[in-house]
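Heads up: the structure comes next, in structure tokens.
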Amino acid sequence: MRTVVVTDPPRADPGDAEELGGFGVATVHEALGRVGYLGPQFRPAWPGARIGGTAVTVLCWPGDNLMIHVAVEQCRPGDVLVVATNSPSTDGLFGELFATALAQRGVRGVVLASGVRDVAELREMGFPAWSTAVSAQGSVKATAGAVNVPVVLGGQVVHPGDVVVADDDGVMVVPRADVPRARSAAQARVDKEAASRAAFGQGELGLDRYGLRDKLPEFGIEYVPYEKYAEGQP
């Protein structure tokens, strides 16, 4: 691993990132063709937060948060700190003091492929955090890693400057080049769902609205009266 800090990488537009955050993880994920989701193991430290921001990436050693300290200086307003470790770790690499420093710099939140701690304090100060664990286990500051290099979380490659969207449904990444397409596709999906919501509110069934009823025989699905089913009749 090259121990490097890459300064001033290109970033997606912060306004576009915030807009994608407003759409939410599920909508953007579906709109892009069900890609970019980091998986169900990434959970919010406290419920209700919803963010979209540009990634500042960090690669740490397990149980060591030295490079998070290094990365704070590289953060700008509208960023999301994204922390990976080079082997699995559940230690609490991030807590209240880091959140205080990042909030002062306008950072929108943090995503960690490791543990977070000081959950009550993070909730009280309203700093959003997603992680794969909650752990009081502390860390050392002893091993060099890297900042603003590509990292892998949940099988997804996150490049510095990509957009990270996170809410109660989890976390996803939108590559910087895909942001315009994600915005237009997400808006189209929101409009489509609004029309479906109105139709369902009037009693229409998804079977009919989505044209599924005529396809059921293709799946081998048949409707059988209860009496016949109970008697074992075809």
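Here, residue 1 is the first one in the sequence, and each next residue gets the next number.
Once rounded to the nearest 0.5 Å, the distance linking CG of D79 with CD of Q74 reads 10.0 Å. Between the CE atom in M67 and the NZ atom in K141 there is a gap of 13.5 Å [rounded to 0.5 Å]. Considering CD of E30 and NZ of K192, their distance stands at 10.0 Å, rounded to 0.5 Å. Atoms CG and CZ, on L212 and F219 in that order, are 7.5 Å from each other to the nearest 0.5 Å. Taking CG of L93 as the start and CD of Q137 as the end, the distance is 10.0 Å to the nearest 0.5 Å. Rounded to the nearest 0.5 angstrom, D208 CG and R213 CZ are separated by 4.0 Å.
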Given V56 and V82, is the side-chain contact (heavy atoms from CB on, under 4.5 Å) satisfied, shown in steps? CA-CA 6 Å; V56 170; V82 179; over 6 Å; no
So V116 and L122, side-chain contact (heavy atoms from CB on, under 4.5 Å) or not? Walk me through it. CA-CA 10 Å; V116 68; L122 294 178; 3.6 Å; yes
So S114 and T90, side-chain contact (heavy atoms from CB on, under 4.5 Å) or not? Walk me through it. CA-CA 5 Å; S114 60; T90 59; over 6 Å; no
Walk me through whether L207 and L216 qualify under side-chain contact (heavy atoms from CB on, under 4.5 Å). CA-CA 9 Å; L207 280 175; L216 295 183; 4.3 Å; yes
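Here the shortest heavy-atom pairing between T27 and A186 reads CG2-O, 3.9 Å. For P88 against P62, the heavy-atom pair with the smallest separation is O-CB, 4.1 Å. Looking at every heavy atom in both residues, A49 comes nearest to P128 through CB-CB, 3.7 Å. Heavy-atom minimum distance, V224 versus K228: CG1-CB, 3.9 Å.
Judged as a ring pair (Phe, Tyr, Trp, His ring centres under 6.0 Å), not a single pair has a partner in residues 160-184 (not counting sequence neighbours). Applying the ring pair (Phe, Tyr, Trp, His ring centres under 6.0 Å) rule to pairs touching residues 57-87 yields H69-F98, sequence neighbours excluded. Within the structure, side chain to side chain donor-acceptor pair (under 3.5 Å) pairs that include any residue of residues 123-134 do not occur (at least two apart or interchain). Sorted by first and then second residue, the ring pair (Phe, Tyr, Trp, His ring centres under 6.0 Å) pairs with a member in residues 8-58 read H29-Y37; sequence neighbours excluded.
Salt-bridge formation is detected for the pair R108/E18: a Lys NZ or Arg NE/NH1/NH2 atom is positioned less than 4.0 Å from an Asp or Glu carboxylate oxygen. A salt bridge between D91 and R117 is absent, with no side-chain N of the basic residue lying under 4.0 Å from a carboxylate O of the acidic one.
Note on V35: it does not cluster hydrophobically with V158, by side-chain heavy-atom contacts below 4.5 Å among ILVMFWY residues. By the rule that hydrophobic residues join a cluster once side-chain heavy atoms approach within less than 4.5 Å of another member, L153 and L59 end up as members of one cluster. V80 and V107 are members of different hydrophobic clusters when ILVMFWY side chains are connected at heavy-atom separations under 4.5 Å. Residues V28 and V163 are members of one and the same hydrophobic cluster, defined by side-chain heavy-atom contacts under 4.5 angstrom among Ile, Leu, Val, Met, Phe, Trp and Tyr. No path of Ile, Leu, Val, Met, Phe, Trp and Tyr side chains, each step under 4.5 Å between heavy atoms, connects V25 with I51, placing them in separate hydrophobic clusters.
Looking at heavy atoms from C-beta onward, V5 lies in side-chain contact with V70 at the 4.5 angstrom threshold. Side-chain atoms of V72 and L102, non-hydrogen and from C-beta on, do get closer than 4.5 Å to each other. Side-chain contact between Y210 and S196 is present, with heavy atoms from C-beta onward closer than 4.5 Å. No side-chain heavy atom of V111 sits less than 4.5 Å from a side-chain heavy atom of L81. At least one side-chain heavy atom of V83 sits less than 4.5 Å from a side-chain heavy atom of C60.
Remark: E121 engages no residue in a salt bridge (Lys or Arg N to Asp or Glu O under 4.0 Å) (not counting sequence neighbours). Every residue two or more places apart in sequence or in another chain that forms a salt bridge (Lys or Arg N to Asp or Glu O under 4.0 Å) with R209 is listed here: E204. Applying the salt bridge (Lys or Arg N to Asp or Glu O under 4.0 Å) criterion to D191, with sequence neighbours excluded, gives no partner residue. For the salt bridge (Lys or Arg N to Asp or Glu O under 4.0 Å) test, residues two or more places apart in sequence or in another chain that qualify with R50 are D167.
Using a 4.5 Å cut-off between side-chain heavy atoms of Ile, Leu, Val, Met, Phe, Trp and Tyr, V152 falls into a hydrophobic cluster with V157. Hydrophobic side-chain contacts under 4.5 Å tie Y226 to no other Ile, Leu, Val, Met, Phe, Trp or Tyr residue.
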Tabulate below the donor-acceptor pairs under 3.5 Å that side-chain atoms of residues 171-183 make, not counting sequence neighbours, or state none.
from: R183; atom 1: NE; to: E19; atom 2: OE1; distance (Å): 2.7
from: R183; atom 1: NH1; to: D16; atom 2: OD1; distance (Å): 3.4
from: R183; atom 1: NH2; to: E19; atom 2: OE1; distance (Å): 3.0

Would you list the atom pairs, donor with acceptor, under 3.5 Å between side chains in residues 142-151 and any protein atom, with sequence neighbours excluded?
from: T143; atom 1: OG1; to: D64; atom 2: OD2; distance (Å): 3.0
from: N148; atom 1: OD1; to: T57; atom 2: N; distance (Å): 3.4
from: N148; atom 1: ND2; to: V6; atom 2: O; distance (Å): 2.9

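Side chain of D162 to backbone of A55: no donor-acceptor contact under 3.5 angstrom is found. Remark: side-chain polar atoms of S89 are not paired, donor with acceptor, to backbone N or O of T85 under 3.5 angstrom.
Residue E73 places its CD atom among 12 or fewer non-hydrogen atoms of other residues, nucleotides or ligands, all under 6.0 Å distant.
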